[in-house]
Amino acid sequence: MTETTTPPAPRDNLCGVCAAVGEDLGFNPLWLRAAFAGALLFSLEAVLATYAALGMVVLASRLLFPDRKRATPKAEPTQLPVVSEARQEEPLRRAA
């Protein structure tokens, strides 16, 4: 079996609850979204209440136990070495 990792939650989610749970527990959030979509056929109120409760659990867990990887500042980008214009134009002269 191959091990898959869940990418970080993108910013275009509705609330990010399914993505956050999938990221925390290590599974694809599409399965949780499919389960919610299937449950909508039976009880709208129960699904909305479950989603809201799960959202509160995710919010509490993120506030109480912040992820250290997200809290660390990103490294500054390194600058590329500057190439003189004469060296850049030399291959163009040869091609002409």
key: Reference residue Cys18; test side chain to side chain contact (heavy atoms under 4.5 Å, CB included); the match among Leu32, Leu30, Asn28   =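 Only match with Cys18 under side chain to side chain contact (heavy atoms under 4.5 Å, CB included): Leu32.
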
(request) Report yes or no: do Phe42 and Tyr51 belong to one cluster of Ile/Leu/Val/Met/Phe/Trp/Tyr joined by side chain heavy-atom distances under 4.5 Å? (result)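 Shared cluster, no.
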
Determine whether Phe27 and Val57 fall in the same hydrophobic cluster, where Ile, Leu, Val, Met, Phe, Trp and Tyr are linked whenever their side-chain heavy atoms lie under 4.5 Å apart.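 The answer is no; the residues belong to distinct hydrophobic clusters.
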
Q) Nearest heavy-atom pair of Pro29 and Ala19: which atoms, and what distance? A)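 It is CB-CA, 3.7 Å.
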
Using side-chain heavy atoms (C-beta onward) and a distance below 4.5 Å, is Leu54 in contact with Phe36?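 Side-chain contact under 4.5 Å: yes.
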
The side chain to side chain contact (heavy atoms under 4.5 Å, CB included) partners of Ser61 (sequence neighbours excluded) come to Asp24

Residue set satisfying side chain to side chain contact (heavy atoms under 4.5 Å, CB included) with Leu40, at least two apart, ordered chain then number -> Leu44, Val47

Tracing side-chain contacts under 4.5 Å among Ile, Leu, Val, Met, Phe, Trp and Tyr outward from Leu63 reaches Leu59

(request) Please write out which residues are connected to Phe65 in a hydrophobic cluster, directly or through intermediates, given that two of Ile, Leu, Val, Met, Phe, Trp, Tyr count as joined at side-chain heavy-atom separations below 4.5 angstrom. (result)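 Result for Phe65 is Leu64.
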
